[in-house]
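A quick write-up on the structure given underneath.
Keep in mind the model is a prediction, meaning the values are calculated, not measured.
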Amino acid sequence: MNGGVRGADHQRRDLCRDWCELYERLWRPEAFPEWASGLSEAGLEQDGEVWRARGPEGPVTIRFTGHNPFGIMDHWVELGGGREVYVPLRVIRNGEGCLVTLTLFRWPEMSEDSFAADAAWIERDLQTLKKLAEESRP
């Protein structure tokens, strides 16, 4: 890949929910397991400034962006062996609703099939988030 730039897949969902309400509902790390299937049964537990969970390949450490006025919910997942996955996640105002975007970066050693499987997993998770968000409107 050119210049060290990795391929990426940008997933998005349009939601009929005020962006601030949705952000306030979702930004806390303990809310992620409600829609992020990789964390739903991972035993997410706070350990100081980081969160720990059981990943498919062993323990993982997750750092989450703190509360902010911009709708940013980025997080970094340390998989062990010095490998860290950066996951940009945003809630963006879109009229009276909002847009949720998540970017999946492709690792150099990742096969097309593996990348497609990860993208499909994220697509399912964002669909779960959309359903949760629109069903739990105030």
Side-chain angles (χ1 to χ4, degrees):
M1 291 180 221
N2 289 339
V5 174
R6 294 182 281 155
D9 181 60
H10 304 285
Q11 299 269 346
R12 61 174 278 172
R13 286 292 176 280
D14 294 300
L15 285 85
C16 296
R17 181 86 185 256
D18 176 79
W19 82 273
C20 284
E21 288 175 3
L22 183 63
Y23 176 75
E24 289 301 327
R25 166 82 169 79
L26 297 176
W27 78 268
R28 292 174 182 82
E30 51 268 52
F32 276 62
E34 295 177 26
W35 61 271
S37 60
L39 296 176
S40 63
E41 297 178 16
L44 186 65
E45 295 180 5
Q46 189 170 8
D47 183 8
E49 295 292 316
V50 299
W51 293 72
R52 302 201 187 278
R54 292 180 308 278
E57 298 173 13
V60 296
T61 301
I62 309 164
R63 294 180 292 119
F64 292 91
T65 301
H67 187 267
N68 63 79
F70 309 109
I72 297 171
M73 300 190 311
D74 294 0
H75 48 288
W76 296 259
V77 182
E78 294 177 33
L79 301 172
R83 187 168 150 198
E84 182 177 73
V85 177
Y86 170 52
V87 184
L89 177 61
R90 306 285 193 275
V91 178
I92 303 165
R93 180 180 178 180
N94 185 3
E96 293 182 15
C98 66
L99 171 67
V100 175
T101 65
L102 187 148
T103 300
L104 170 67
F105 291 109
R106 182 175 177 181
W107 284 86
E109 68 275 4
M110 189 179 253
S111 71
E112 283 290 331
D113 288 344
S114 181
F115 187 62
D118 280 2
W121 186 344
I122 289 168
E123 188 172 331
R124 287 188 303 273
D125 283 354
L126 289 180
Q127 192 58 38
T128 300
L129 185 151
K130 178 179 173 69
K131 183 177 178 186
L132 174 76
E134 292 181 346
E135 287 177 352
S136 66
R137 291 184 74 169

*Knowing that exactly one of Val100, Leu89, Ile122, Thr101 qualifies, which makes a side-chain contact (heavy atoms from CB on, under 4.5 Å) with Gln11?*
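Among the candidates, only Ile122 passes.
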
Linked, directly or transitively: [X] and [Y] (ILVMFWY side chains, under 4.5 Å):
X	Y	answer
Ile92	Leu15	no
Val87	Leu44	yes
Ile72	Val77	no
Met73	Leu99	no

*Is the backbone N or O of Gly66 less than 3.5 Å from a side-chain atom of Asn68, with the two atoms forming a donor-acceptor pair by type?*
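Answer holds: yes.
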
So [Y] and [X], do their side chains get closer than 4.5 Å, heavy atoms only?
X	Y	value
Phe70	Arg90	no
Arg63	Val50	yes
Trp35	Leu126	yes
Glu21	Glu24	no
Arg17	Lys130	no
Arg83	Trp107	yes

Provide the closest heavy-atom pair for [X] versus [Y] in the form atom of the first, atom of the second, distance.
X	Y	result
Trp76	Phe64	CZ3-C, 4.5 Å
Trp19	Val91	O-CG1, 3.6 Å
Asp125	Ala36	OD2-CA, 3.7 Å
Gly48	Gln46	O-NE2, 3.1 Å
Phe115	Ala8	CZ-C, 4.0 Å
Asp74	Pro88	OD1-CA, 3.3 Å

*Steps toward side-chain contact (heavy atoms from CB on, under 4.5 Å) verdict (Trp51, His75)*: CA-CA 11 Å; Trp51 293 72; His75 48 288; over 6 Å; no

Atom pair [atom1] ([X]) and [atom2] ([Y]), whose distance is rounded to the nearest 0.5 Å:
X	Y	atom1	atom2	result
Arg12	Leu102	CZ	CG	13.5 Å
Leu22	Leu26	CG	CG	4.5 Å
Asn94	Cys16	CG	SG	10.0 Å
Glu45	Arg52	CD	CZ	10.5 Å
Glu112	Met110	CD	CE	10.5 Å

*Given Arg13 and Glu134, is the salt bridge (Lys or Arg N to Asp or Glu O under 4.0 Å) satisfied, shown in steps?*
CA-CA 12 Å; Arg13 286 292 176 280; Glu134 292 181 346; over 6 Å; no

_Classify the ring geometry of Tyr23 against His67: parallel below 30°, tilted from 30° to 60°, perpendicular beyond 60°._
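Tyr23 and His67: tilted rings.
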
